[in-house]
Number of protein chains: 2
Amino acid sequence: MTIAEANEFRALCDRAGIAVTHQRQVIYQVLSGMHGHPSPEEVYGRVKVRIPAISLATVYKNIHVFIESGIFCTVSLHHGSLRVETNHSPHHHLVCTGCRSITDIAAGDLGLPVKAHKLRGGFLAQRYAVDVLGLCPECQKSVS
Amino acid sequence: MTIAEANEFRALCDRAGIAVTHQRQVIYQVLSGMHGHPSPEEVYGRVKVRIPAISLATVYKNIHVFIESGIFCTVSLHHGSLRVETNHSPHHHLVCTGCRSITDIAAGDLGLPVKAHKLRGGFLAQRYAVDVLGLCPECQKSVS
DNA sequence: TTGACAAACGATAATAATTATCGTTTACTA
DNA sequence: TAGTAAACGATAATTATTATCGTTTGTCAA
């Protein structure tokens, strides 16, 4: 890593109010160099090459730190466990990033296609699922 | 349950090619009577009132059977484990219901709001995450 | 610099969610 | 109504994640 990169990471940590550690920096660099949607286990595998003694728990902890600091996002903010959709009418979800609650909203006014159709690239789109991420009224109170 | 309801469920199972069992019917009825996004554990709790001897595994198995048959959906079709978003540019996801792969698409042409704003109901919308559910080119081959 | 203190680390136990196994029971078809 | 595959219940196993705890390491003020 260059001096510039190191300084950039230091500034990032300052802003987030977290300490600059070797492990944290390597996890950050590995994440930045990956594309797609890696799992903690995959990140661990790559970090281990550079820091063989690192613990999986450290990788998990730092990924969460990065997410809380807004440095990275998660792909899905839904509940971690299986949930069944009991609302059969077309609708989307308000997902609260504070309390992780999920509320339904009618699909009607979003104007997305309802029929299956092919996208450029050959993907057959069957259904659009929109998550509106934000804060529910309750969580807005606790933030302010 | 009424005779009509029983017949309706029987027809449903016929179409799905699955056997009609007492447990399956009660799980179906309980699911149909719940709103929101219940977890298997919650479904189990309610089913147990009517069939005290039922096993949690049976609830899991039947929820999966219902999902595979298209009788119910899952709230999220993403990987069950934590995934980190490494693509920092605004984009959405093509989620394949066959192989569960997630591919990025640029957000540009979806025309959804980018700025945070309040929705009726008081929810503060900060970001839209759109999943386009469907089949990737590979999985379209295996289906046909 | 250095010394105190909080933050972070590594190892690993614990927990939660889910799936697999397997012997028994039950529904479906001939 | 008998044979067979599917479904069931009990429970072990697995996977993903989090908590605990003793040790080490940054950070910040003196």
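Scope of the values below: all heavy atoms of this structure, side chains included, with no hydrogens, waters or symmetry mates.
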Note to self: Taking the axis from the first five pairs and the axis from the last five, what angle separates them in the helix from C/dT1-D/dA30 to C/dA30-D/dT1, rounded to 10 degrees?
What the structure shows: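 One end's axis against the other's: 40°.
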Next item on the list: Ignoring backbone atoms, test whether A/Gln23 places a side-chain nitrogen or oxygen under 4.0 Å from the OP1 or OP2 oxygen of D/dT25.
Entry: no
Next item on the list: Indicate whether OP1 or OP2 belonging to D/dG9 is found under 4.0 Å from a side-chain N or O atom of B/Thr58.
Entry: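 It does, given that an N or O in the side chain of B/Thr58 lies less than 4.0 Å from OP1 or OP2 of D/dG9.
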Output all residues satisfying side chain to side chain contact (heavy atoms under 4.5 Å, CB included) with [X], sequence neighbours left out; order by chain, then residue number.
| X | value |
| --- | --- |
| B/Phe123 | A/Leu94, A/Cys96, A/Val132, A/Cys136, B/Leu119 |
| B/Tyr44 | B/Glu41, B/Lys48, B/Ile54, B/Leu56, B/Val59 |
| B/His22 | B/Val26, B/Ile51 |
| A/Ser89 | A/Asn87 |

Check: Can you find a heavy atom in the side chain of A/His93 that is under 4.5 Å from one in the side chain of A/Asp104?
Finding: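 Yes, close enough: below the 4.5 Å cut-off.
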Starting at atom [atom1] of [X], determine the distance to atom [atom2] of [N], rounded to an integer number of angstrom.
| X | N | atom1 | atom2 | result |
| --- | --- | --- | --- | --- |
| B/Gln25 | D/dA7 | CD | P | 15 Å |
| A/Arg24 | D/dT25 | CZ | P | 15 Å |
| A/Glu68 | C/dA8 | CD | C1' | 14 Å |
| B/Ile27 | D/dA7 | CD1 | P | 12 Å |
| B/Asn62 | C/dT19 | CG | C1' | 15 Å |

Please write out each protein N/O paired with an N/O of nucleotides 12-20 of chain D under 3.5 Å, distance rounded to 0.1 Å.
{"residue": "D/dT17", "atom": "OP1", "partner": "B/Leu82", "partner atom": "N", "Å": "2.6"}
{"residue": "D/dT17", "atom": "OP2", "partner": "A/Tyr60", "partner atom": "OH", "Å": "2.4"}
{"residue": "D/dT17", "atom": "O5'", "partner": "A/Tyr60", "partner atom": "OH", "Å": "3.4"}

Note to self: Checking A/His64 now: which residues fulfil ring pair (Phe, Tyr, Trp, His ring centres under 6.0 Å) with it, not counting sequence neighbours?
What the structure shows: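 A/His64 satisfies ring pair (Phe, Tyr, Trp, His ring centres under 6.0 Å) with no other residue.
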Notebook entry, point to check: What residues, two or more places apart in sequence or in another chain, satisfy ring pair (Phe, Tyr, Trp, His ring centres under 6.0 Å) together with A/His88?
Noted result: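 Here the qualifying residues are B/Phe72.
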Notebook entry, point to check: Between the side chains of B/Lys118 and A/Gln140, is a donor N or O closer than 3.5 angstrom to an acceptor N or O?
Noted result: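 Yes, because at least one side-chain N or O of B/Lys118 sits under 3.5 Å from a partner of the opposite role on A/Gln140.
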Notebook entry, point to check: By side-chain hydrogen bond (donor to acceptor under 3.5 Å, both in side chains), which residues pair with A/Gln25, not counting sequence neighbours?
Noted result: none
Checklist line | Residue list, side-chain hydrogen bond (donor to acceptor under 3.5 Å, both in side chains) with A/Gln29, at least two apart or on another chain | finding: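 Residues passing side-chain hydrogen bond (donor to acceptor under 3.5 Å, both in side chains) with A/Gln29: A/Arg50.
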Distance-only donor-acceptor pairs under 3.5 Å for side chains of residues 7-21 of chain B, two or more places apart:
{"residue": "B/Thr21", "atom": "OG1", "partner": "B/Arg24", "partner atom": "N", "Å": "3.1"}

Can you check nucleotides 24-30 of chain C for protein contacts, nitrogen or oxygen pairs under 3.5 Å, and list what you find?
{"residue": "C/dC28", "atom": "OP1", "partner": "B/Val20", "partner atom": "N", "Å": "3.0"}

